[in-house]
Amino acid sequence: MLDRKKLRDDPELVKAKLATRGEEYPAVVDRIFELDTEERKTQVELDDLRRERKELSKEIGKLMQAGDAAQADEKKESVKAVNEKTAAVEARFNALQDERISLLGTLPNLPDDSVPVGGEDARQLIKEHGEQRSLAFKGKDHVELAASLNLVDFAAAGRISGSGFQFYVGLGAELQRALINLMLDVHISEHGYREMRPPFIVKPEAPYGTGQLPKFKEEMYHVFTPLEQVVHDPGGQPDYYLIPTAEVPVCNYYGGCILPPDALPVKLVAYTPCWRVEAGHYGHEARGLRRVHEFDKVELVVLCAPEESDDALERMTGEAEHILELLELPYRRVLLPTGDMTFASAKTYDLDVYSAVSGEWLEVSSASNTSDFQARRANIRFRRDAKAKPEFVHMLNASGLALPRIVIALLENNQLEDGSVAVPEPLQRYMRGVERLAPPENPLPFFD
RNA sequence: GGAGAGGUGGCCGAGUGGUUGAAGGCGGCAGUCUCGAAAACUGUUAUGCGGGUUUCCCCCGCAUCGGGGGUUCGAAUCCCCCCCUCUCCGCCA
């Protein structure tokens with residue numbers, strides 16, 4: 001949510017900045033500006049009428065206590081007249097306010113000044129790390145490796161859940177668990193995060209707070225309770241959503257709270273599965289583990305004071321990179337342009353990992369500074385001092401990291417000519433000391 | 001899922017239709033006392049929106065007692081719906 005006052009004070013600036021994110025936005029800003037002006041005029045009218053009613057009602061109370069029923073009745077009539085006027089003005093006020101708020105909810109965050117203007121072409125390479133070496137032999141892609149090493153059963157997942165789901169088996173499942181634990185442990189003990197285990201199913205208010213709603217409703221899975229038990233249906237919303245990222249429940253953890261002085265920064269890390277509809281066909285883009293409906297991710301969330309958030313974004317991105325370095329995966333950091341950022345973000349870095357087989361970069365992390373945008377929507381504030389007025393915190397999130405494409409890169413980059421895959425050293429202790437992923441001696445019976 | 005109880009300010013808790021934004025207590029902050037601290041005493045202690053003044057100082061209005069709707073001249077208080085918590089029963093990993 002953008003600051004209503006900022007939009008009021010400098011609509012041209014807001015329009016110019018939002019225009020870099022989508023051509024449809026300036027017109028919305030104009031409309032909100034009109035609504036805001038009219039709404040405030042109406043509020044003055046409304047407040048006056050309500051004050052009048054309040055005063056009269058008090059007088060009626062006094063008259064009743066004094067036993068003067070006749071005069072009281074007379075006043076009651078005048079209050080009724082005031083109430084009629086109030087009802088009309090109130091209806092107008094509510095209509096203006098509703099429209100303003102719902103339109104404001106559809107505007108994305110203002111991009112930071114350091115963000116390049118433009119679409120995908122304007123992506124800015126910040127750094128590259130590690131050698132993008134190619135294999136000395138013809139490597140298999142991760143789907144072939146996953147099959148030959150008996151790590152992932154795509155066919156079974158397809159039968160049971162449909163395309164876009166995976167059945168990790170044996171060492172494949174252990175690898176997931178190992179990656180999750182490695183990431184959590186590093187973020188907790190080296191980077192000072194506190195682990196959270198949030199619920200995976202949330203009410204609509206939560207994705208609204210983080211900005212997935214109302215614009216990206218179709219990207220989330222809806223969870224309905226059985227029809228006869230559907231009791232609340234505010235605004236036609238389904239009952240629940242499956243989280244598309246841990247950001248949704250974790251960022252809402254302090255929803256509505258005013259954090260005391262010295263509470264910031266708050267650093268939270270959570271592993272959760274993530275569910276995304278990913279409607280449409282992607283072909284090669286979606287092969288195997290590239291783009292899936294359900295995946296595992298370790299997510300970092302930081303709440304900090306406004307003046308800290310620029311540094312916090314750099315730090316968090318570095319912390320995600322640290323995991324890639326531990327896994328010895330070549331990666332690059334890219335600064336996303338205005339047209340490419342997620343809704344709530346003011347500035348986003350993507351981390352891409354290099355795949356030796358396809359020679360492509362695969363996105364494994366997105367680190368965003370949402371400034372006060374999510375904090376406004378979720379209403380999360382803090383006090384600098386015991387007596388200071390509450391201010392909105394700044395909120396940041398970064399994947400640290402998303403697993404499927406890590407697995408792709410790990411398998412493809414670390415494969416050896418004999419068809420096995422080397423396990424990076426830091427990961428071995430999380431996998432019972434396994435150094436190589438090799439075809440199991442007695443694989444699961446496999447049906448295709 | 002069934003039956004019952006309840007949700008009030010940072011916390012505890014009073015308040016069942018009238019000047020209650022809300023008693024009292026605790027905590028916090030400021031002051032008096034003290035060499036200092038404790039104790040005691042005094043004062044103070046919500047958020048949002050709008051208007052004025054004009055800049056962070058104050059003044060005024062409105063709203064807010066889980067959320068929404070209703071009754072009424074007037075609702076924390078009465079009615080309806082929803083959300084949440086607790087107790088017992090049922091079911092269940």
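Just the heavy atoms: all of them, side chains too, but no hydrogens, waters or symmetry mates, feed the values below. Chain letters run A, B, ... following the sequence lines, proteins first, then strands; residues in each count from 1.
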Please report the distance, rounded to the nearest Å, between [atom1] in [X] and [atom2] in [N].
X       : N      : atom1 : atom2 : result
K203(A) : G66(B) : NZ    : P     : 16 Å
L49(A)  : C73(B) : CG    : P     : 17 Å
E205(A) : G68(B) : CD    : P     : 12 Å
I258(A) : G10(B) : CD1   : P     : 7 Å
R383(A) : U45(B) : CZ    : C1'   : 10 Å

Subject >> Where at least one partner belongs to residues 373-384 of chain A, residue pairs that pass salt bridge (Lys or Arg N to Asp or Glu O under 4.0 Å), sequence neighbours excluded >> reply: D3(A)-R376(A), E307(A)-R384(A), D372(A)-R376(A), R384(A)-E391(A)
Does [N] have a Watson-Crick or wobble mate here (both distances under 3.5 Å), and if so which one?
N      : result
G90(B) : none
A14(B) : none
C62(B) : G48(B)
G36(B) : none
G6(B)  : C84(B)
U53(B) : none

Nearest-Å distance once atom [atom1] is located in both [N] and [M]:
N      : M      : atom1 : value
A75(B) : C80(B) : C1'   : 15 Å
A46(B) : G6(B)  : P     : 30 Å
U71(B) : C12(B) : C1'   : 33 Å
C60(B) : U54(B) : C1'   : 14 Å
A22(B) : U47(B) : P     : 15 Å
A39(B) : C33(B) : C1'   : 11 Å
U77(B) : G9(B)  : P     : 15 Å

Would you classify [X] as touching base, sugar-phosphate or nothing, given that sugar-phosphate means primed atoms plus P, OP1 and OP2, and contacts are heavy atoms under 4.0 Å?
X       : answer
K389(A) : sugar-phosphate
P390(A) : sugar-phosphate
K58(A)  : sugar-phosphate
I60(A)  : base

For nucleotides 28-30 of chain B, tabulate all protein N/O to nucleotide N/O atom pairs closer than 3.5 Å, reporting atom names and distance.
unit_1, atom_1, unit_2, atom_2, d
C29(B), O2', K387(A), NZ, 3.3

Subject >> Counterpart residues, ring pair (Phe, Tyr, Trp, His ring centres under 6.0 Å), relative to H191(A) (two or more places apart) >> reply: H187(A), H322(A)
Subject >> Shortest non-hydrogen contact between L335(A) and T348(A), atoms and distance >> reply: CD1-O, 3.6 Å
Original post:
Is the distance between the ring centroids of Y241(A) and H222(A) less than 6.0 Å?
Top reply: yes
Original post:
How does protein contact run along nucleotides 49-65 of chain B, one letter per nucleotide 5' to 3', with B for base contact, S for sugar-phosphate only, - for none, heavy atoms under 4.0 Å?
Top reply: BSS---------BSS--
How would you list, by chain and number, every residue that makes a side chain to side chain contact (heavy atoms under 4.5 Å, CB included) with [X], sequence neighbours excluded?
X       : result
R197(A) : F200(A)
A246(A) : V250(A), A270(A), T272(A), E299(A)
L103(A) : V28(A), R31(A), I32(A), L35(A), E99(A)

Does any pair with a residue in [range] pass side-chain hydrogen bond (donor to acceptor under 3.5 Å, both in side chains), and if so which ones, sequence neighbours excluded?
range                       : value
residues 432-445 of chain A : E174(A)-R432(A)
residues 12-29 of chain A   : E12(A)-K15(A), K15(A)-D30(A), K17(A)-D113(A), Y25(A)-K215(A)
residues 50-70 of chain A   : D48(A)-R51(A), R50(A)-E90(A), E59(A)-K75(A)
residues 244-257 of chain A : T245(A)-K297(A), E247(A)-Q374(A), E247(A)-N397(A)

**OP:** May I ask you to list the residues of residues 64-74 of chain A, by number, that have any heavy atom positioned under 4.0 Å from an atom of RNA chain B?
**Re:** M64(A), Q65(A)
**OP:** Look at the aromatic rings of F165(A) and Y221(A) and report parallel, tilted or perpendicular, splitting at 30° and 60°.
**Re:**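 Geometry flag for Y221(A) against F165(A): tilted rings.
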Subject >> Polar side chain donor-acceptor pair, S366(A) to D350(A), under 3.5 angstrom >> reply: yes
